[in-house]
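This is the structure I have questions about; it appears just below.
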Amino acid sequence: LIVGSALNSGVAVDGVTLTDIFNIGSVSLNSGGAVDFSGSDSTFKTLSVDQSSSINVNVALSTSAGALDFTSAGDINVNVNTPSATTSSMTSGGIIQGAGAITATALTTSSASETNITTQTASLNFANSGSGDVTVNNTGALSLVGSNSAGNLSVTASGALTQSAALTVSGTTNLDAAGNDITLTD
């Protein structure tokens, strides 16, 4: 299901249920304005959002088949916990931020300004590119599978912190594994 176009002034999503996803399958939202998830929690098979203003997540979002992909020319604000997505990709022309935690086994971010996120995953594969500072805090182990940041990189994990691909950071790098092993291999 594809909803909207770049000519829309905005899209609001409220309460897509598990029953709904079996009827409509994957959802792609396109908007020239803000995309706001508010009201009731929503569940999708997969969710792709592409818009030119901002994406605001104010209710829990989950996906049953994995992918949660956000692309925004503006900010991406995750203000509440997003309970489940196998993979998540967030590309922003502004800031990726919020008080909510993202649950995904693989997360890729790219921001023109800054990334400041919390993840709550037992084991997270994280990759980043962009021109701003990157701060990621995970409640479990974290593997850096690549980073190319023009700013600073700060990574905190409550479990082991590993690296499996090159990290290019123009600023400072701060790694904290809360007393667990930090293994850098590249």
Side-chain angles (χ1 to χ4, degrees), residues 1-4 8-111 113-128 130 134-143 155-159:
L1 175 66
I2 299 173
V3 177
N8 289 359
S9 61
V11 174
V13 179
D14 181 0
V16 176
T17 67
L18 195 56
T19 303
D20 297 332
I21 66 168
F22 290 114
N23 294 322
I24 60 176
S26 298
V27 174
S28 178
L29 300 174
N30 300 301
S31 174
V35 174
D36 294 313
F37 295 92
S38 58
S40 300
D41 297 348
S42 292
T43 302
F44 302 90
K45 184 173 182 181
T46 64
L47 175 62
S48 174
V49 179
D50 185 4
Q51 63 72 54
S52 62
S53 177
S54 64
I55 299 171
N56 302 297
V57 179
N58 297 308
V59 295
L61 299 179
S62 60
T63 59
S64 66
L68 176 65
D69 298 313
F70 290 161
T71 302
S72 173
D75 296 344
I76 298 174
N77 301 296
V78 180
N79 298 314
V80 297
N81 294 353
T82 58
S84 63
T86 304
T87 61
S88 185
S89 172
M90 297 186 180
T91 303
S92 170
I95 298 171
I96 301 172
Q97 65 183 351
I102 301 163
T103 302
T105 55
L107 175 62
T108 303
T109 64
S110 178
S111 173
S113 182
E114 170 185 354
T115 299
N116 188 349
I117 57 171
T118 299
T119 55
Q120 54 183 15
T121 304
S123 181
L124 173 69
N125 292 321
F126 179 75
N128 177 76
V134 176
T135 303
V136 62
N137 298 292
N138 189 46
T139 58
L142 191 143
S143 177
V155 179
T156 303
S158 295

**OP:** Specify the closest pair of heavy atoms between S111 and I95, including all atoms of both residues, with the distance to one decimal.
**Re:**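 In this case the closest contact between S111 and I95 is OG-CA, 4.0 Å.
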**OP:** Assess the side chains of N56 and S54: does a donor N or O sit below 3.5 Å from an acceptor N or O?
**Re:**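 The answer is yes; a qualifying pair exists.
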Subject >> Flag for T43-S62: side-chain donor and acceptor within less than 3.5 Å >> reply: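 Yes, a side-chain donor-acceptor pair sits under 3.5 Å.
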Subject >> D41/V59 under side chain to side chain contact (heavy atoms under 4.5 Å, CB included): CA gap, chis, key distance, verdict >> reply: CA-CA 5 Å; D41 297 348; V59 295; 3.6 Å; yes
Subject >> Partner of F70 under side-chain contact (heavy atoms from CB on, under 4.5 Å), chosen from I96, L47, D50 >> reply: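 Result: among I96, L47, D50, L47 is the only option passing the side-chain contact (heavy atoms from CB on, under 4.5 Å) with F70.
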Original post:
Of all residues at least two apart in sequence or in a different chain, which pass the side chain to side chain contact (heavy atoms under 4.5 Å, CB included) check with S143?
Top reply: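 Expected list: N125, V145, T162, S164.
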Original post:
Do the side chains of L29 and F37 get nearer than 4.5 Å, heavy atoms only?
Top reply: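 F37 reaches L29 side chain to side chain.
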Original post:
Are any side-chain N or O atoms of N58 and backbone N or O atoms of S38, one a donor and one an acceptor, separated by less than 3.5 Å?
Top reply: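 No.
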**OP:** Look up atom CG in L107 and atom OG1 in T87, then write down how far apart they are to the nearest 0.5 Å.
**Re:**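 It comes to 9.5 Å.
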Original post:
Roughly how far apart are T103 OG1 and L68 CG, rounded to 0.5 Å?
Top reply: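 Between atom OG1 of T103 and atom CG of L68 there are 10.5 Å.
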**OP:** Taking all non-hydrogen atoms of both residues into account, name the closest pair between I76 and S72 and its distance.
**Re:**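 Taking I76 first and S72 second, the nearest heavy atoms are CG1-CB, 3.9 Å.
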**OP:** Search all heavy atoms of G33 against all heavy atoms of S53 and return the closest pair with its distance.
**Re:**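 Result for this residue pair: C-CB, 3.4 Å.
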Original post:
Does V155 reach the side chain of L142, with side-chain heavy atoms less than 4.5 Å apart?
Top reply: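 Touching, per the 4.5 Å side-chain cut-off.
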Subject >> Non-hydrogen side-chain atoms of T82 and I102 separated by less than 4.5 Å >> reply: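 Yes. Closest side-chain heavy atoms under 4.5 Å.
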Original post:
Do you know which two heavy atoms are closest between G140 and A157, and how far apart they sit?
Top reply: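 So the two residues come closest at O-CB, 3.4 Å.
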**OP:** Sort out for me which residue in N137, T118, T139 forms a side-chain hydrogen bond (donor to acceptor under 3.5 Å, both in side chains) with T156.
**Re:**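 Testing each of N137, T118, T139 against T156, the sole residue satisfying side-chain hydrogen bond (donor to acceptor under 3.5 Å, both in side chains) is N137.
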Subject >> No-hydrogen, no-angle side-chain donor-acceptor test under 3.5 Å, T135 and N116 >> reply: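 T135 vs N116: no donor-acceptor pair found between side chains.
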**OP:** Applying side chain to side chain contact (heavy atoms under 4.5 Å, CB included), run through T115 and N128 and close with a yes or a no.
**Re:** CA-CA 9 Å; T115 299; N128 177 76; 4.0 Å; yes
Subject >> Partner set under side chain to side chain contact (heavy atoms under 4.5 Å, CB included) for S158, not counting sequence neighbours >> reply: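 Side chain to side chain contact (heavy atoms under 4.5 Å, CB included) list for S158, sorted by chain: empty.
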Subject >> Flag, side chain of N81 to backbone of A101, donor-acceptor distance under 3.5 Å >> reply: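 Such a contact is found between N81 side chain and A101 backbone.
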**OP:** Determine the minimum heavy-atom distance between A34 and S31, stating which atoms define it.
**Re:**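 That would be O-OG, 3.9 Å.
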**OP:** State whether the side chain of T121 and the backbone N or O of S123 hold a donor-acceptor pair below 3.5 Å, judged by distance alone.
**Re:**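 No, because the side chain of T121 does not come within donor-acceptor range (under 3.5 Å) of the backbone of S123.
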Original post:
Any chance the side chains of T119 and N138 put a donor and an acceptor closer than 3.5 Å?
Top reply: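 On atom types as modelled, these side chains qualify, holding a pair under 3.5 Å.
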Original post:
So, for V78 and M90, which heavy atoms are closest and what is the spacing to 0.1 Å?
Top reply: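 Shortest heavy-atom separation between V78 and M90 comes out as CG2-CE, 4.0 Å.
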Original post:
If you measure only the distance, is there a donor-acceptor pair under 3.5 Å linking the side chains of D75 and Q97?
Top reply: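 The answer is no; no qualifying pair exists.
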Subject >> Test side chain to side chain contact (heavy atoms under 4.5 Å, CB included) applied to I117 and T109, step by step >> reply: CA-CA 10 Å; I117 57 171; T109 64; 4.2 Å; yes
